[in-house]
Amino acid sequence: MPFQTIAIIGTGDMGSAVGRVLSEHGYRVITSLDGRSGHSSRLAGGAGIEDAGDLSNVVGQADVLLSIMPPAAAEGFAHSAAAAMAGQTPLLYVECNAISPARSMRIGAAVTEAGGRYVDGGIIGAAPGISDQPPRFYVSGIETDALLELNGKGIEVVSMGGEIGRASAIKMTFAALTKGTNALRTAVLLAGEKLAVGRELREEFRYRLPEEYERMERRVPYLAADAERWHGEMREIEDTFRAAGISGGFHEAAAWVFELLSKSELATEKRADMVPGRRLEEAVEVFMRALLDDKLD
């Protein structure tokens, strides 16, 4: 049956933008704002997402639930949602978070044991409206065909077949490069500063690798806004790689970098209020203060 009501938990930058485009395509989009931040509540209201009360009410009204939240919260929320499913009409639960295939399998088991239907998912790309390319929702599991209804409605849905974990795997491996590279760039710049060659190092990048230096200038000054969430994502990638028999050390280090950035003065920013035109040197100076002030294990 076609979806009528879609629940999205939570309504951060990605979740609210997805809710907005689905609402624009005629779906009723609901959420639960219980315990959510004022920022998430404002984003939900601006996107036309209806607060349906507590989680039990949301589960009871929705045809499908999209879980879009920081990876550290995904499994705990899934167990809460599974408990709320008791006595309700079977719900299609779509795990959209940046988590390892193993964690997705555990969540799937909890959801199906509660009587729900489960889809493993992974989102690649910026939130709808940020770029000309819609985000791709990779999905896997025996229920994936139902999600194809949403394809072309502000998002692109790509089926990875019937095996739970495949959608999470492509998310993990893709983000391992994109976000992992940003962590490496930051670590290199911090090492240069700590070794008292920061200015010279930046000049050499500008001279020898101008395209790479432009990427540093564009991305590194704004990483702190996402660092707390990406720290958890790097841990999920680390676990994914180790389970595949590949060193997780790269992303253990990347997690360290993002944890450091999450303790910096710039970590209080939201994407909507980031200061445009921030110079790379300014950001590195802030990150260095965090490095000197905090002793990470």
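Of all non-hydrogen atoms in Ala98 and Glu233, the two that sit nearest each other are CB-CD, 3.4 Å. Residues Gly232 and Pro71 approach most closely at C-CG, 3.8 Å, considering heavy atoms. Of all heavy-atom pairs spanning Ser32 and Ile9, the tightest one is N-CD1, 3.4 Å. A pairwise comparison of heavy atoms in Leu261 and Ala267 identifies O-CB, 3.6 Å as the closest pair. Across all non-hydrogen atoms, the minimal contact from Tyr207 to Pro210 is O-CD, 4.0 Å. Across all their heavy atoms, Ala81 and Tyr93 have their closest contact at CB-CE1, 3.7 Å.
A donor-acceptor pair is defined here as one N or O able to donate and one able to accept, closer than 3.5 Å; no such pair exists between the side chain of Ser40 and the backbone of Ser37. Put simply, the side chain of Arg208 never gets that close to the backbone of Glu203: no donor and acceptor are under 3.5 Å apart. Asp273 contributes a side-chain N or O that, together with a main-chain N or O of Lys270, makes up a donor-acceptor pair within less than 3.5 Å. Although no hydrogens or angles enter the test, the distance criterion places a donor-acceptor pair under 3.5 Å between the side chain of His251 and the main chain of Ala176. A donor-acceptor pair is defined here as one N or O able to donate and one able to accept, closer than 3.5 Å; no such pair exists between the side chain of Thr11 and the backbone of Ser16.
Other residues, nucleotides and ligands place no more than 12 heavy atoms under 6.0 Å from the CD1 atom of Ile142. Heavy atoms from other residues, nucleotides or ligands lying under 6.0 Å from CD of Gln133 number 12 at most. Atom OH of Tyr213 has more than 12 neighbouring heavy atoms from other residues, nucleotides or ligands inside a 6.0 Å radius. Within 6.0 Å of the CZ atom in Phe174, the count of heavy atoms belonging to other residues, nucleotides or ligands does not exceed 12. Annotation for Gln61: atom CD counts as buried by contact number, over 12 foreign heavy atoms lying within 6.0 Å. Heavy-atom neighbours of Arg289 CZ from other residues, nucleotides or ligands within 6.0 Å: above the threshold of 12. Residue Gln4 places its CD atom among 12 or fewer non-hydrogen atoms of other residues, nucleotides or ligands, all under 6.0 Å distant. Within a 6.0 Å sphere centred on CZ of Arg219, heavy atoms belonging to other residues, nucleotides or ligands number more than 12.
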Next on the checklist: Test side chain to side chain contact (heavy atoms under 4.5 Å, CB included) on Phe137 and Val158; report intermediate values, then the result.
Outcome noted: CA-CA 6 Å; Phe137 278 56; Val158 182; over 6 Å; no
Item to check | Evaluation steps, side chain to side chain contact (heavy atoms under 4.5 Å, CB included), between Leu65 and Val94 | outcome: CA-CA 6 Å; Leu65 185 151; Val94 187; over 6 Å; no
Next on the checklist: Determine whether Arg202 and Glu193 satisfy the following criterion, salt bridge (Lys or Arg N to Asp or Glu O under 4.0 Å), listing intermediate values before the conclusion.
Outcome noted: CA-CA 10 Å; Arg202 291 193 299 274; Glu193 290 296 317; 2.7 Å; yes
Item to check | Residues Val139, Val157; criterion side chain to side chain contact (heavy atoms under 4.5 Å, CB included); working and verdict | outcome: CA-CA 7 Å; Val139 292; Val157 181; 3.9 Å; yes
Next on the checklist: Using side chain to side chain contact (heavy atoms under 4.5 Å, CB included), reason through Lys194 and Leu292 one step at a time and then give a plain yes or no.
Outcome noted: CA-CA 10 Å; Lys194 199 76 188 305; Leu292 296 173; 4.0 Å; yes
For residues 43-59, dump all side-chain donor-acceptor pairs below 3.5 Å to protein atoms at least two apart in sequence or in another chain.
from: Glu50; atom 1: OE1; to: Arg28; atom 2: NE; distance (Å): 3.0
from: Glu50; atom 1: OE1; to: Arg28; atom 2: NH2; distance (Å): 3.4
from: Glu50; atom 1: OE2; to: Arg28; atom 2: NH2; distance (Å): 2.8
from: Asp51; atom 1: OD1; to: Leu33; atom 2: N; distance (Å): 3.3
from: Asp51; atom 1: OD1; to: Gly53; atom 2: N; distance (Å): 3.1
from: Asp54; atom 1: OD1; to: Ser56; atom 2: N; distance (Å): 3.3
from: Asp54; atom 1: OD1; to: Asn57; atom 2: N; distance (Å): 2.9
from: Asp54; atom 1: OD1; to: Asn57; atom 2: ND2; distance (Å): 3.4
from: Ser56; atom 1: OG; to: Gln88; atom 2: NE2; distance (Å): 3.4

Distance-only donor-acceptor hits, side chain of residues 109-125, under 3.5 Å, sequence neighbours excluded:
from: Thr112; atom 1: OG1; to: Gly108; atom 2: O; distance (Å): 2.9
from: Thr112; atom 1: OG1; to: Ala109; atom 2: O; distance (Å): 3.2
from: Arg117; atom 1: NE; to: Glu143; atom 2: OE1; distance (Å): 3.4
from: Arg117; atom 1: NH2; to: Glu143; atom 2: OE1; distance (Å): 3.4
from: Tyr118; atom 1: OH; to: Ser104; atom 2: O; distance (Å): 3.1
from: Tyr118; atom 1: OH; to: Ser104; atom 2: OG; distance (Å): 2.8
from: Asp120; atom 1: OD1; to: Ser104; atom 2: OG; distance (Å): 2.7
from: Asp120; atom 1: OD1; to: Ser168; atom 2: OG; distance (Å): 2.5
from: Asp120; atom 1: OD2; to: Ser140; atom 2: OG; distance (Å): 3.0
from: Asp120; atom 1: OD2; to: Gly165; atom 2: N; distance (Å): 2.8
from: Asp120; atom 1: OD2; to: Arg166; atom 2: N; distance (Å): 3.4
from: Asp120; atom 1: OD2; to: Ala167; atom 2: N; distance (Å): 3.1
from: Asp120; atom 1: OD2; to: Ser168; atom 2: N; distance (Å): 3.1

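Inter-residue side-chain proximity for Met216 and Phe205 is flagged as met; some heavy-atom pair is nearer than 4.5 Å. When side chains are defined from C-beta on, Leu66 counts as touching Val18, because their heavy atoms get closer than 4.5 Å. With contacts defined as side-chain heavy-atom distances shorter than 4.5 Å, the pair Val257/Leu223 does not qualify. With contacts defined as side-chain heavy-atom distances shorter than 4.5 Å, the pair Glu228/Glu259 does not qualify. Annotation: side chain of Pro135 is not in contact with side chain of Glu156 (no heavy-atom distance under 4.5 Å). When side chains are defined from C-beta on, Glu211 counts as touching Arg215, because their heavy atoms get closer than 4.5 Å.
Salt bridge status for Lys153 with Glu24: absent, with no side-chain N to carboxylate O gap under 4.0 Å. The residues Arg271 and Asp226 are annotated as salt-bridged, a charged nitrogen and a carboxylate oxygen being separated by less than 4.0 angstrom. Residues Arg242 and Glu252 are paired through a salt bridge, judged by an N-O separation under 4.0 Å between the basic side chain and the carboxylate. Residues Arg278 and Glu269 are paired through a salt bridge, judged by an N-O separation under 4.0 Å between the basic side chain and the carboxylate.
Cluster membership for Val188 and Trp256, using ILVMFWY side-chain heavy atoms within less than 4.5 angstrom, is shared. A continuous path of Ile, Leu, Val, Met, Phe, Trp and Tyr side chains, each step under 4.5 Å between heavy atoms, connects Ile8 with Phe3, placing both in one hydrophobic cluster. Under the 4.5 Å side-chain heavy-atom criterion for Ile, Leu, Val, Met, Phe, Trp and Tyr, Val64 and Met14 are members of the same hydrophobic cluster. One hydrophobic cluster holds both Leu189 and Leu184 under the rule that ILVMFWY side chains link at heavy-atom gaps under 4.5 Å. When the side chains of ILVMFWY residues are joined at heavy-atom separations under 4.5 Å, either directly or via intervening members, Leu147 and Met160 end up in two distinct hydrophobic clusters.
The distance from the OG atom of Ser100 to the CD atom of Glu75 is 8.5 Å, given to the nearest 0.5 Å. Separating the CZ atom in Arg218 from the CG atom in Leu280 is a distance of 12.0 Å, to the nearest 0.5 Å. Note that the CE atom of Met105 and the CZ atom of Arg103 stand 13.0 Å from one another [nearest 0.5 Å]. Here the OG1-CD distance, from Thr144 to Glu163, works out to 12.0 Å after rounding to the nearest 0.5 Å. Thr186 contributes atom OG1, which lies 9.0 Å from atom CG of Leu260 (distance to the nearest 0.5 angstrom).
In the hydrophobic clustering (ILVMFWY side chains linked at under 4.5 Å, chained through shared members), Val197 is joined by Leu195.
Of the N and O atoms on the side chains of Glu149 and Tyr27, at least one donor lies less than 3.5 Å from an acceptor on the other residue. In summary, the side chains of Asn97 and Ser67 do present a donor paired with an acceptor at a separation below 3.5 Å, with no hydrogens or angles considered.
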